[in-house]
Amino acid sequence: MKLRISLFLAALAAPTTLISAQKLSEIPSEFDQETRCGATIEADSGTLIVPSSGQTIAPGSLCVFTIHLQTTATFRLNISSLNISGSQQEDLDCSAASVRIYSLTNLVPSDNIEGYTFCNDNPPPAGGSLFLSGNLATVIYQSSNESLGFTLNFEGIGFQPIPVTHESSYSSATSGLIRYPVEGEYEPNRVTTWLVKTSPSNPNLKLDVVIQTADFEECPNSTPENRCLCDALIIYEVSAIGQLTENQRVCGPTEEDLVLEGLSPNIIVAFFTDFIDIEGQGTGFEVLYRPSSNGTTTTSVPSTTTTPTPTTTPPRPPPSSNYTTECGGLLSGTQGLVEYKLGESVPRNERCIWTVRTPYRSRIKFSMIEPTTNDPDNNVRIYMVYSTGNLYEYTFPMHRPSEIIMNGTMAWVLFQSNSTGNGFAFSFTAEPDFDNSILFYEDFNEVVSDAAIAHHRFPESGPYRNLEMSTFVFMRPTDRPESQIEVNITSLLTETGEGSRCRDVIHVFRLLDYNSEDVFNPGAHITGLTPDAGICEITPSYPFYMKAHGILILFVSDQQGRSDGFELDVRLVG
């Protein structure tokens, strides 16, 4: 069994819904008001009718639609009906109610966004066509008390020799993390957008946005003027009246984090890639956003402070499982359940480790809901794991239901049997408090069943990230109690400070053997193999070698500087 979690979008708030449709009238009626006030349209031609049949749009709403042309480029548009009067007074600037249409593209300068604005006092040309370049457009509708809506017709008129693929996501959360792609390199010839449209209940809300680990292919022989014409990430702001402005454009690899403070509570993140695919380049980006705490100005500075509390957007790929009946594995989310051999007999010498992660939460409640027999040699122990390398241990009483709340965002849960007994079940639930000290993680949990050497590199490509806490567990199979895991760390290169002081480190632990040591003494189950401060380098002539029933590795990075990480070889022996 091999499991891995890579953080993309941590689903910690109410789930959001991504709508993909050709007509707004096709949206099912069960969608809520906030979600229905906008849609993704993927077609080369169509009609957008707002509001749709039977729909009521609350006054003051901002409805954001994205239109992706599939095989054509350049929009021809016309508005066949428009009645969105904002008030009884004249509204020549369309600030009270409006329909605004913009082209989203990296092929024009940031100060030259193509767009149109219409309202009753500034209507579109009667019977005339409008044109917009590119294959992606956004339509932003600001409603009012008197709004009756509009009808927009569109078609693509220019053939694209290489059709562009599209994907759009939506979130109403006020904080979140976007990681793209989840693994490997991003795809060429693609447009991907993320709409963050928060609730209008807090009109004074501002967002801070952090762009990290940006690594994009650059245009060959590019100049400063055209280096963003190939692959580029653009952050757009949508104002309270629906005006779209470009805040930041990023292209090529970046060395420092980019912090944007005091942005509008409604933003569009758009990523454009050309059809050229240069192997070994282009690992993508991470964008974090949260409510601002530093005013409303926008600046670009290196990130040196602990930043957002990521929460939600629709995950891609689907979120990891939070339920298992297996002996060990990964569980991630705000709650989860382990049911191990319920109603069955558990033999001697079983050992299972589950990695439990509640992303960005500061406390976890563990509950033993189905205890096993009252045998002190059979136990479930929780090890809360901290970025300092410390482990805090708690042992569940196995003769009665119980629960405990423990500080931390991640734990290793160990079950071990030294006598026969019954199965058990425990659950975990994240407490509502957030922890901003860790922004990134990857969790790896493997039962090693092969004597052949398996090579692992972390991270798989590129440097690791700042403010990261990642974990790696290698266990022997339950049906081979005498076997052991052999691990060689062959390469370790992390950030060091003055006097070679370690800044980013690994902590290595081992699960003690049954026969060679008394593992049932308190605190004697998992023990550290590295110094309390961790280690940050090894020499090629002296790799870090270890052998045990289980090997656990914790990687921790601080908020500045990055390096290559580590490599190791793993196999089963005995």
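No side-chain N or O of T409 forms a donor-acceptor pair with one of D435 less than 3.5 Å apart. With hydrogens and angles left out, the side-chain atoms of Y180 and E167 include no donor and acceptor closer than 3.5 Å. Between E326 and T324, the side chains place no donor N or O within less than 3.5 Å of an acceptor N or O (distance only, hydrogens not considered). Judged by distance alone, the side chains of R381 and T395 do bring a donor and an acceptor atom under 3.5 Å apart. Looking only at atom types and distance, the side chain of T490 has no donor-acceptor partner in the side chain of N488 under 3.5 Å away.
When all heavy atoms of I538 and F544 are compared, the closest pair comes out as CD1-N, 4.0 Å. In plain terms, the two heavy atoms of F458 and S470 that are nearest each other are CZ-OG, 3.6 Å. Considering every non-hydrogen atom in both N407 and Y386, the closest pair reads O-OH, 2.5 Å. Contact detail for G550 and M475: the closest heavy-atom pair is CA-SD, 3.8 Å. Among all heavy-atom pairs drawn from V269 and L233, the shortest one is CG1-CD1, 3.6 Å. The two atoms that bring M410 and M384 nearest to each other are O-CE, 3.7 Å, heavy atoms only.
No side-chain donor-acceptor contact under 3.5 Å links R351 to the backbone of P481. Listed for the S557 side chain is a donor-acceptor partner under 3.5 Å among the backbone atoms of L467. Checking side-chain atoms of T530 against main-chain N and O of V508 turns up a donor-acceptor pair under 3.5 Å. A side-chain donor-acceptor contact under 3.5 Å links R249 to the backbone of N106. A donor-acceptor pair under 3.5 Å is formed between the side chain of D231 and the backbone N or O of D274. In terms of modelled atom types and a separation under 3.5 Å, the side chain of T273 and the main chain of R190 share a donor-acceptor contact. The backbone N or O of E350 sits nowhere less than 3.5 Å from a side-chain atom of T478 that would complete a donor-acceptor pair. The backbone N or O of D208 lies less than 3.5 Å from no partner atom in the side chain of S292, so there is not a single donor-acceptor pair. In this structure a side-chain-to-backbone donor-acceptor pair under 3.5 Å is present from T494 to C536.
Classification of the F426-F366 ring pair by plane angle, with boundaries at 30° and 60°, yields tilted. Ring geometry, Y186 versus F216: the interplanar angle exceeds 60°, so the pair is classed perpendicular (tilted spans 30 to 60°).
Between T355 and W412, the closest side-chain pair of non-hydrogen atoms falls below 4.5 Å. Side-chain contact between S175 and P291 is present, with at least one heavy-atom pair separated by less than 4.5 Å. With a 4.5 Å cut-off on side-chain heavy atoms, P397 and P371 do not count as touching. A 4.5 Å side-chain heavy-atom check between M406 and I364 finds every atom pair outside the cut-off. Using a 4.5 Å heavy-atom threshold, the side chains of T193 and H166 count as separate. You'll find the side chain of E537 stays beyond 4.5 Å of the side chain of C502, heavy atoms only. Put simply, the side chain of E567 reaches to within 4.5 Å of the side chain of H455, judged on heavy atoms. With contacts defined as side-chain heavy-atom distances shorter than 4.5 Å, the pair F440/L288 qualifies.
Crowding of Y392 atom OH: a count of heavy atoms from other residues, nucleotides or ligands under 6.0 Å not exceeding 12. Within a 6.0 Å radius of OH in Y545, more than 12 heavy atoms belonging to other residues, nucleotides or ligands are found. Applying the 6.0 Å contact sphere to CG of D433 captures more than 12 heavy atoms from other residues, nucleotides or ligands.
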- Evaluation steps, side chain to side chain donor-acceptor pair (under 3.5 Å), between T471 and D443: CA-CA 5 Å; T471 66; D443 292 322; 2.6 Å; yes
- Message: Set out, in order, the CA-CA distance, both residues' side-chain angles and the distance that settles side-chain contact (heavy atoms from CB on, under 4.5 Å) for H507 and V385, then state yes or no.
- Response: CA-CA 11 Å; H507 300 272; V385 182; over 6 Å; no
- Evaluate the side-chain contact (heavy atoms from CB on, under 4.5 Å) criterion for residues L568 and I553: first the C-alpha distance (whole Å), next the side-chain angles of each, then the deciding distance (0.1 Å), finally the verdict. CA-CA 11 Å; L568 56 83; I553 300 174; 3.6 Å; yes
- Query: Can D450 and L572 be said to form a side-chain contact (heavy atoms from CB on, under 4.5 Å), step by step?
  - Reply: CA-CA 6 Å; D450 198 335; L572 183 70; 6.0 Å; no
- Message: One pair to check against side-chain contact (heavy atoms from CB on, under 4.5 Å): T283 and S461. What are the steps and the verdict?
- Response: CA-CA 8 Å; T283 56; S461 62; 4.0 Å; yes
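Tested against H456 for a ring-ring contact (aromatic ring centres under 6.0 Å, His included), the candidates F472, F566, F474 yield a single pass: F474.
Atoms CG and CZ, on D215 and F285 in that order, are 12.0 Å from each other to the nearest 0.5 Å. How far CG of L529 is from CE of M546: 7.0 Å, rounded to the nearest 0.5 Å. Residue T213 holds its OG1 atom at 3.5 Å from CD of E286, rounded to the nearest 0.5 Å. Atom OG1 of T496 sits about 9.5 Å away from atom CZ of R501, to the nearest 0.5 Å. To the nearest 0.5 Å, the span separating CH2 on W194 from CD1 on I235 amounts to 9.5 Å. The CD1 atom of I404 sits 12.0 Å away from atom NZ of K365, with the distance rounded to the nearest 0.5 Å.
Taking the six-membered ring for Trp and the full ring otherwise, F424 and F415 have centroids separated by under 6.0 Å.
Of the charged side-chain nitrogens involved, at least one lies within less than 4.0 Å of a carboxylate oxygen, so that E442 and R465 count as a salt-bridged pair.
Here the two cysteines C251 and C230 have their SG atoms 2.5 angstrom or farther apart.
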